[in-house]
Amino acid sequence: HNQSIPERKRAAEGLDLLLLAEQLNPAYADGQYFLAMVLHRDADDDGALRRLRRALTADPGHIAASALVRKLRRPPA
């Protein structure tokens, strides 16, 4: 990624907060979804799919999580 040092620091702090939120409430679907987005951004689609399954277990109607699952399962063009 082409980020400056302050941007990388903010991204790391944001990830730390998401991981803390997960510890406090692992069933928080939005937190799992946002962690999946970070993992997908970092090219860890297997990890992203694991988080998305957790999000959908907590909230089967989570539209954004469902959409990202469909995107990640789509074969490459």
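- Using a 4.5 Å heavy-atom threshold, the side chains of Leu68 and Leu49 count as separate.
- Partners of Asp45 by side chain to side chain donor-acceptor pair (under 3.5 Å), not counting sequence neighbours, listed by chain and number: His40.
- In this structure, CZ on Arg41 lies 8.0 Å from CG on Leu15, to the nearest 0.5 angstrom.
- Under the salt bridge (charged side-chain N to carboxylate O under 4.0 Å, His left out) criterion, no residue pair touches residues 23-32, with sequence neighbours excluded.
- Here Thr57 pairs with nothing under the side chain to side chain contact (heavy atoms under 4.5 Å, CB included) rule; sequence neighbours left out.
- Residues Ala48 and Leu72 approach most closely at CB-CD1, 3.9 Å, considering heavy atoms.
- Under the 4.5 Å side-chain heavy-atom criterion for grouping Ile, Leu, Val, Met, Phe, Trp and Tyr, Met37 is not connected to Leu17 through any hydrophobic cluster.
- The side chain to side chain contact (heavy atoms under 4.5 Å, CB included) test applied to Pro6 returns Ser4, Arg10, not counting sequence neighbours.
- What you find for Ala58 and Ala27 is that their closest heavy atoms are CB-O, 2.9 Å.
- Applying the salt bridge (charged side-chain N to carboxylate O under 4.0 Å, His left out) rule to pairs touching residues 51-64 yields Glu22-Arg51, Glu22-Arg54, sequence neighbours excluded.
- For the residue pair Ala55 and Ala65, the shortest heavy atom distance occurs at CB-CB, 4.2 Å.
- Not counting sequence neighbours, Asp16 has no partner by the side chain to side chain contact (heavy atoms under 4.5 Å, CB included) test.
- In this structure, Leu39 stands alone, with no Ile, Leu, Val, Met, Phe, Trp or Tyr side-chain heavy atom under 4.5 Å from its own, directly or through other members.
- Contacts classified as ring-ring contact (aromatic ring centres under 6.0 Å, His included) and involving residues 4-23 (residues at least two apart or in different chains) are not found.
- Each ring-ring contact (aromatic ring centres under 6.0 Å, His included) pair with one or both residues in residues 6-28, not counting sequence neighbours, would appear here, but there are none.
- Leu24 belongs to a hydrophobic cluster whose other members, connected by ILVMFWY side-chain contacts under 4.5 Å either directly or through intermediates, are Leu20.
- For Ala67, the side chain to side chain contact (heavy atoms under 4.5 Å, CB included) criterion is met by Arg70, not counting sequence neighbours.
- Residue Leu18 holds its CG atom at 11.5 Å from CD of Gln23, rounded to the nearest 0.5 Å.
- Evaluation of the ring pair (Phe, Tyr, Trp, His ring centres under 6.0 Å) rule for His62 yields Tyr33 as partners, not counting sequence neighbours.
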